[in-house]
A.B. asks: 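Sharing a structure, written as structure tokens. Questions coming.
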Amino acid sequence: MDLQHLEEIQRDCAQRVVKEDLFKDVRWVGGIDLTFESIKETPTKAWACLVVVQLKDLKPVYTEVVEGTVDFPYIPTFLAFRELPLMLRLYEKAKIKPDVFLIDGQGVAHPRGCGIASHFGVETDSVTIGVAKTKLWGVYREPSPERGSFSPLLYRGSVIGVALRTKAKTAPVFVSVGHKISLKTAIDIVLKTSVFRIPEPIRLAHNTLQRVRKGWLG
DNA sequence: GCGACAG
DNA sequence: ATCTTGTCGC
């Protein structure tokens, strides 16, 4: 694999990212997550899940799962080349396309400005938000403990995202623009879809995958 | 050279 | 990400 070439693809993708709100109202919010049969082996079998919830009551209205093989290893800053293929198959199979996608990982808060959330958004031309459980790039100060507080994630003085407290006294999540949305609106949607630390669409997708992997269904 | 490093 | 049970705290 030629990482130099892949970096070039990411820089090109970053130039296409739109950081403004290019949509009207949001009714459906989707969350995508992946799970792997093995983490030590590559290739390995894997599954991707999309759960769409209604923004008004956070009730799930659609769930889709796809199974496949992942052959690219996990390399920090190159996550998209490992997980995007299966996510794109999931997108194509989905009967319902949500107004906004919450993606497990960074959006523009990435060394070359194109984390998996932005990459997926540009590839599918859809609205996306990056929601990561830990930081990849930038510096920040711990936000105050109450739900809703946030502090900027900075890189060379520029705001590339925020550390957002979606639940009181709980570790924050890192939110960044994926594609076709502003950081302000991204924060608003993540807060509106969060009951626990992880936004409902992603949390439900993750829960479904744990059951699928263990053969409880799917 | 050393530490950091999404999932 | 996965391996894994109970347990302590709000």
A.B. asks: Check every strand shown and say whether A:Lys135 touches a base, only sugar-phosphate, or nothing at a heavy-atom separation below 4.0 Å.
C.D. replies: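 Sugar-phosphate contact only.
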
A.B. asks: What is the separation between atom CZ on A:Arg213 and atom C1' on C:dT4, rounded to the nearest whole Å?
C.D. replies: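 Taking atom C1' of C:dT4 as the reference, CZ of A:Arg213 is at 12 Å.
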
A.B. asks: Check every strand shown and say whether A:Phe36 touches a base, only sugar-phosphate, or nothing at a heavy-atom separation below 4.0 Å.
C.D. replies: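 Sugar-phosphate: the residue A:Phe36, judged by heavy atoms under 4.0 Å, touches backbone atoms but no base.
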
A.B. asks: With respect to the phosphate group of B:dA6, does any side-chain polar atom (N or O) of A:Arg112 fall under 4.0 Å of OP1 or OP2?
C.D. replies: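 No, because none of the side-chain N or O atoms of A:Arg112 sits under 4.0 Å from OP1 or OP2 of B:dA6.
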
A.B. asks: Quick one: which of C:dA1, B:dC5, B:dG7 gets closest to the side chain of A:Pro76?
C.D. replies: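 The closest nucleotide is B:dC5.
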
A.B. asks: Would A:Thr35 and A:Arg213 count as having a side-chain donor-acceptor pair, cut-off 3.5 Å?
C.D. replies: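 Result is yes, a qualifying pair exists.
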
A.B. asks: Given A:Glu200, which of A:Leu58, A:Val29, A:Val51 fulfils the side chain to side chain contact (heavy atoms under 4.5 Å, CB included) condition?
C.D. replies: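 Looking at A:Leu58, A:Val29, A:Val51, the match for A:Glu200 under the side chain to side chain contact (heavy atoms under 4.5 Å, CB included) is A:Leu58.
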
A.B. asks: Counting heavy atoms from C-beta on, name the nucleotide in B:dA6, B:dC5, C:dA1 closest to the side chain of A:Tyr74.
C.D. replies: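 Nearest to the side-chain atoms of A:Tyr74, counting from C-beta on, is B:dA6.
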
A.B. asks: Have a look at A:Thr77 and say if it touches a base, only the backbone sugar-phosphate, or nothing, with a 4.0 Å heavy-atom cut-off.
C.D. replies: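 Answer is base: heavy atoms of A:Thr77 come under 4.0 Å of a base.
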
A.B. asks: Take the protein atom CG of A:Asp33 and the nucleotide atom P of C:dT2, then report the distance between them rounded to whole Å.
C.D. replies: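 It is 8 Å, rounded to the nearest whole Å.
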
A.B. asks: Compute the centroid of each ring, for A:His179 and then for A:Phe120, and state whether the two points are separated by less than 6.0 Å.
C.D. replies: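 Ring centroids of A:His179 and A:Phe120 are no less than 6.0 Å from each other.
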
A.B. asks: Starting from P on C:dA1, measure out to NE2 on A:His206 and report it in whole angstrom.
C.D. replies: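 After rounding, the gap between these two atoms is 5 Å.
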
A.B. asks: Closest nucleotide of DNA chain C for A:Lys169 versus for A:Ile39: which of these residues is on the 5' side?
C.D. replies: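 By nearest-heavy-atom nucleotide position, the 5'-most residue is A:Ile39.
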
A.B. asks: Report the distance from atom CG of A:Leu88 to atom CG of A:Leu84, rounding to the nearest 0.5 Å.
C.D. replies: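 Answer rounded to 0.5 Å: 4.0 Å.
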
A.B. asks: What nucleotide, of B:dG7, B:dC5, C:dT2, holds the atom closest to the side chain of A:Leu136?
C.D. replies: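 The listed nucleotide nearest to A:Leu136's side chain is B:dC5.
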
A.B. asks: Any side-chain N or O of A:Lys133 less than 4.0 Å from the OP1 or OP2 oxygen of C:dA1?
C.D. replies: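 Checking A:Lys133 against C:dA1: at least one side-chain N or O falls below 4.0 Å of OP1 or OP2.
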
A.B. asks: Whole angstrom is fine here: how far is it from CZ in A:Arg197 over to C1' in C:dC10?
C.D. replies: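 Interatomic distance, CZ of A:Arg197 to C1' of C:dC10: 17 Å.
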
A.B. asks: Given atom NE2 of A:His110 and atom C1' of B:dC5, what is their separation to the nearest angstrom?
C.D. replies: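 Answer to the nearest Å: 11 Å.
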
A.B. asks: C:dC3, B:dG7, B:dA6: which one has an atom nearest the side-chain heavy atoms of A:Gln106?
C.D. replies: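 Given the options C:dC3, B:dG7, B:dA6, the side chain of A:Gln106 is closest to B:dA6.
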
A.B. asks: So A:Ile116, base contact, sugar-phosphate only, or nothing? Heavy-atom distance under 4.0 Å.
C.D. replies: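 Base, at least one base heavy atom under 4.0 Å.
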
A.B. asks: Calculate the interatomic distance between A:Phe78 atom CZ and B:dG7 atom P; express it in whole Å.
C.D. replies: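 Atom-to-atom, A:Phe78 to B:dG7, this comes out as 17 Å.
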
A.B. asks: For A:Phe72 and B:dG7, what is the distance between atoms CZ and P respectively, to the nearest whole Å?
C.D. replies: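 Distance check: A:Phe72 CZ to B:dG7 P gives 17 Å.
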
A.B. asks: Whole angstroms only, please: what is the CG-C1' distance between A:Leu86 and C:dA1?
C.D. replies: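 One finds 14 Å between C1' of C:dA1 and CG of A:Leu86, rounded.
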
A.B. asks: Does A:Gln210 reach a base, just sugar-phosphate, or nothing at all? Heavy atoms under 4.0 Å.
C.D. replies: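 Sugar-phosphate: the residue A:Gln210, judged by heavy atoms under 4.0 Å, touches backbone atoms but no base.
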
A.B. asks: Centroid-to-centroid, A:Tyr140 to A:Phe174, below 6.0 Å?
C.D. replies: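 Here the rings of A:Phe174 and A:Tyr140 have centres that are less than 6.0 Å from each other.
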
